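Working notes, beginning with the structure itself.
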Amino acid sequence: MPTYKAPVEDVLFLLNDVFQIERHNNLGSFADATPDLIEAILNEGAKLCEEVLAPLNRTGDLEGCKRHDDGRVTTPTGFKEAHKAYGAGGWIGLAVPPEYGGQGLPYTLQSVMEEFASSANMAFAMYPGLTMGAIAALLVHGTEEQKSLYLPKMVEGTWSGTMNLTEPQCGTDLGLIKTKAVPNGDGSYSITGTKIFISAGEHDLTENIVHLVLARIEGAPEGVKGISLFVVPKVRVNSDGSLGERNGVSCGSIEHKMGIHGNATCVMNYDGATGWLIGEANRGLNAMFVMMNEARLGVAIQGLAQSEVAYQNAVQYAKDRLQGRALTGPKAPDKPADPIIVHPDVRRNLMAIRAFNEAARALVLWTALQSDVAHRSEDEGERQTADDHLGLMTPVLKGVLTDLGFDNAVRAQQMYGGHGYIEEWGMSQFVRDARIAMIYEGANGIQAMDLVGRKLPCHGGRAVMTFFNEVATFCQENAADEAMKPYVAPLQAALGHLQQASLWFMQNAMAKPDNAGAGAYDYMHLFGLVAMGYMWARIAKAAQAKKAQGNGVAAKMDAKLVTGRFFMERMLPETGARLASISSGAEAVMALPAEMF
Ligand SMILES: Cc1cc2nc3c(=O)[nH]c(=O)nc-3n(C[C@H](O)[C@H](O)[C@H](O)COP(=O)(O)OP(=O)(O)OC[C@H]3O[C@@H](n4cnc5c(N)ncnc54)[C@H](O)[C@@H]3O)c2cc1C
């Protein structure tokens, strides 16, 4: 059975040495989050994930969720107790303001816990993950009454949350939503319609489920401009917070699907259910975007998380499995064969996963820190820059980390040979679980279009120019440093490719939008490579500084430096191919008439 060890040490290195988290002590509760406290929190979270969630991962996959004839849905053995422990440990409310029962700590720490939990048990982690997303939307757009009614119970894990967007005829194009909301005359609405693919839509983990539902108020305009967001509890809540009557919402069926079997994916029927508006009428997408953006980062983290846990197990297997001899002569002459980790092709795969994991984790933490700045800084300029960063990086992280997270789960499975294809080794589950992250929360092709069509031109390209300047400045400042040359020179070249691709879009996509559509996916990956390259350059700089201080960390820092060099030499050059692909334009993509396919 696979095992999991949370990468606490790597996270601490990133927070303390690369991003110097103490620089943010002017932000709300950051000053309270001392290095000792952060370490203690992460160790505690790691323990829960390693000892409680990870052992349930395979059980969840094998048992799945069951819908009973009366519409109840039960989750796999052990999930209920684990969810109780997760809520009681304060993990759901880690970053929620104390007035609603949370701990008010940085969101950055929540994002770390999301990685640990998703590595340990992705299907389980989605339950509290969705609750955290719903809390975020209510915090920003809910009324005081809604917040005090729902948030404390959600924070403690007694109630959970969901997001209801998708309908049979409406996936990517939310303008097609049909679910109807009719005013009841008392401030509430009667919600009727069918939602499909609703994660955690029904289950037995909590006493109540708080559904956030997109619906169209009777007479509202067509398209996305007529969509509103409603809070629809499974059990109605009395004004004193106690549970009242059952609401008109039920689970019609659950899906049998490729992975995340422990998470119930439900068809939800709203049959005149009572709901209350969140935020303004017809501005529902705006309100739901808070939840969607949080969820997109959460999904990006799922990609990293599956890559990390698959890597850890593949490394162990590669050290144990004896096959063949090293090309340079036996490395374990006392054994019938060498462990497969001696083979360059096995190492190539393991290094590629490792180089991704560490850079992707850095990208997640860098972005999570920007989210904290965007929400907590008192300086308007700082907030704006951080918000720009979030907007720009969210589609990049969602698309790139989930694509490569899946690729890496496959690479790790490959290290097992035929055993990787056999369920009991657990590698197949990582592959199956990782696959969905590329699809939901906006399929990755849509993330690419969001990046190129909306985020690049936004505010005259302000966000992307800030990113280019930051990377270019780093390169200039470190170009003369001999030890940094192996990192800076490839990064400069890759940044040049990204700038050329951006210019190409400016010159070729305005008049011919297909040029943008056809190149967007390559651009998203080109962007992700440069962003990860920048992370590696910063990691290398911090690793060199830490190594110079002594303290017996030289071997660990050398491991980072060599992994960074692998990224620069063997992964970053892909930017050239991506640029070539983008600048070939849309012609060959669009030339074939549909009937010729
Ligand atoms: C396991 C699971 C859990 C889910 N959980 C939830 C949940 O909790 N809540 C919820 O609301 N939904 C959920 N979903 C739904 C999910 O978000 C949608 O499936 C997803 O957004 C895509 O919608 P669709 O399936 O209708 O595909 P479609 O929108 O039909 O898209 C099909 C393909 O066409 C592409 N495409 C569509 N339009 C364009 C375009 N304009 N340009 C380029 N390409 C385009 C897409 O990228 C995709 O590859 C879940 C789905 C699954 C499978």
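Just follow the structure's listing: the first ligand is 1, and inside any ligand the first atom is 1. Every value quoted in this text rests on a predicted model; they were computed, and no experiment measured them.
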Considering only protein heavy atoms, determine whether one is less than 4.0 Å from [atom].
atom: atom 51 (C) of ligand 1; answer: yes
atom: atom 30 (O) of ligand 1; answer: no
atom: atom 12 (N) of ligand 1; answer: yes
atom: atom 35 (C) of ligand 1; answer: no
atom: atom 4 (C) of ligand 1; answer: yes

When you compare ligand 1 with [X], is there at least one nitrogen or oxygen pair between them that comes in under 3.5 angstrom?
X: Thr265; answer: no
X: Ile439; answer: no
X: Lys257; answer: no
X: Ile260; answer: no

For Gly445, is the nearest heavy atom under 4.0 Å from an atom of ligand 1?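 Checking ligand 1 against Gly445, which is what was asked, there is no heavy-atom contact under 4.0 Å.
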
Does the side chain of [X] come under 3.5 Å of the side chain of [Y] through a donor N or O and an acceptor N or O?
X: Thr75; Y: Asp204; result: yes
X: Ser228; Y: Arg216; result: no
X: Gln429; Y: Asn57; result: yes
X: Ser250; Y: Asp271; result: no
X: Thr206; Y: His83; result: no

Can you tell me how the ring of [X] sits relative to the ring of [Y], calling it parallel under 30°, perpendicular over 60° and tilted otherwise?
X: Phe124; Y: Phe79; result: perpendicular
X: Tyr521; Y: His525; result: tilted
X: Trp91; Y: Tyr86; result: tilted

Hey, are [X] and [Y] close enough for a salt bridge, meaning a charged N less than 4.0 Å from a carboxylate O?
X: Glu218; Y: Lys180; value: no
X: Arg72; Y: Asp70; value: yes
X: Arg58; Y: Glu424; value: no
X: Glu245; Y: Arg236; value: no
X: Glu587; Y: Lys512; value: no

Of the protein's non-hydrogen atoms, which lies at the shortest distance from [atom], and what is that distance?
atom: atom 18 (C) of ligand 1; answer: Thr166 OG1, 4.2 Å
atom: atom 53 (C) of ligand 1; answer: Ile436 CD1, 3.4 Å
atom: atom 7 (C) of ligand 1; answer: Phe197 O, 3.2 Å
atom: atom 26 (O) of ligand 1; answer: Gly171 CA, 3.1 Å
atom: atom 48 (C) of ligand 1; answer: Ala443 CB, 4.2 Å
atom: atom 28 (P) of ligand 1; answer: Thr172 OG1, 3.6 Å
atom: atom 21 (O) of ligand 1; answer: Gly442 N, 4.2 Å
atom: atom 45 (C) of ligand 1; answer: Ile446 CD1, 3.5 Å

Going by the atom numbers of ligand 1, which of them fall below 4.0 Å from some non-hydrogen atom of Met163?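 So the answer, numbered in order with elements, is 7 (C), 8 (O), 9 (N), 10 (C), 11 (O).
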
Identify, by atom number and element, the atoms of ligand 1 in contact range of Glu441, meaning under 4.0 Å from any of its heavy atoms.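 Close to Glu441: 17 (O).
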
For ligand 1, the portion of Glu255 having any non-hydrogen atom under 4.0 Å away: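 Neither part.
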
Part of Ser199 with heavy atoms under 4.0 Å of ligand 1, whether side chain, backbone, both or neither: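 Both backbone and side chain of Ser199 come within 4.0 Å of ligand 1.
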
